[in-house]
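Below is one structure, written out as structure tokens, with a few remarks after it.
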Amino acid sequence: MGQKNYRLNEELRAKLYGDMAENAIFCNRKIKQFVPEYAPSISLHEGLARSLNWYWAHPKHQIADEEYNRWLDALISEWSTYLYA
């Protein structure tokens, strides 16, 4: 199977910094490496609830971007192939 290069589109990429712009994997490993006392203060559940509430309060941001959805579907499909091979 040929490896595909799924780079973030330039508009999204311009909003990200460092390695996140390359692989779109977000973790807190680096901050913990450089600031060992770092401890997240918001749980995943609370963070997701805040995010959803924000979107529900801003209808103009609820419009689907079909081009982005197709790109993301292809990316997920490709990763699924690797994860479940």
Original post:
Are more than 12 heavy atoms from other residues, nucleotides or ligands located less than 6.0 Å from atom NE2 of His61?
Top reply: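 Result for NE2/His61: enclosed.
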
Original post:
Taking everything shown except Glu46 itself, do over 12 heavy atoms lie less than 6.0 Å from its CD?
Top reply: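 Check passes, neighbour count above 12.
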
Subject >> Heavy-atom closest contact (Ile42 atom, Gly47 atom, distance) >> reply: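 Here Ile42 and Gly47 meet closest at CG2-N, 3.6 Å.
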
Let me confirm one number: the [atom1]-[atom2] distance from [X] to [Y], rounded to the nearest 0.5 Å.
X     : Y     : atom1 : atom2 : result
Trp54 : Arg50 : CH2   : CZ    : 15.0 Å
Ile76 : Leu72 : CD1   : CG    : 4.0 Å
Glu78 : Asp73 : CD    : CG    : 13.0 Å

Original post:
Same hydrophobic cluster for Leu75 and Tyr68, using side-chain heavy-atom links shorter than 4.5 Å among ILVMFWY?
Top reply: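 In one cluster with Leu75: Tyr68, yes.
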
**OP:** Dump the intermediate steps for side chain to side chain contact (heavy atoms under 4.5 Å, CB included) on Arg70 and Glu66, then the final yes or no.
**Re:** CA-CA 6 Å; Arg70 284 190 294 277; Glu66 294 304 326; 3.6 Å; yes

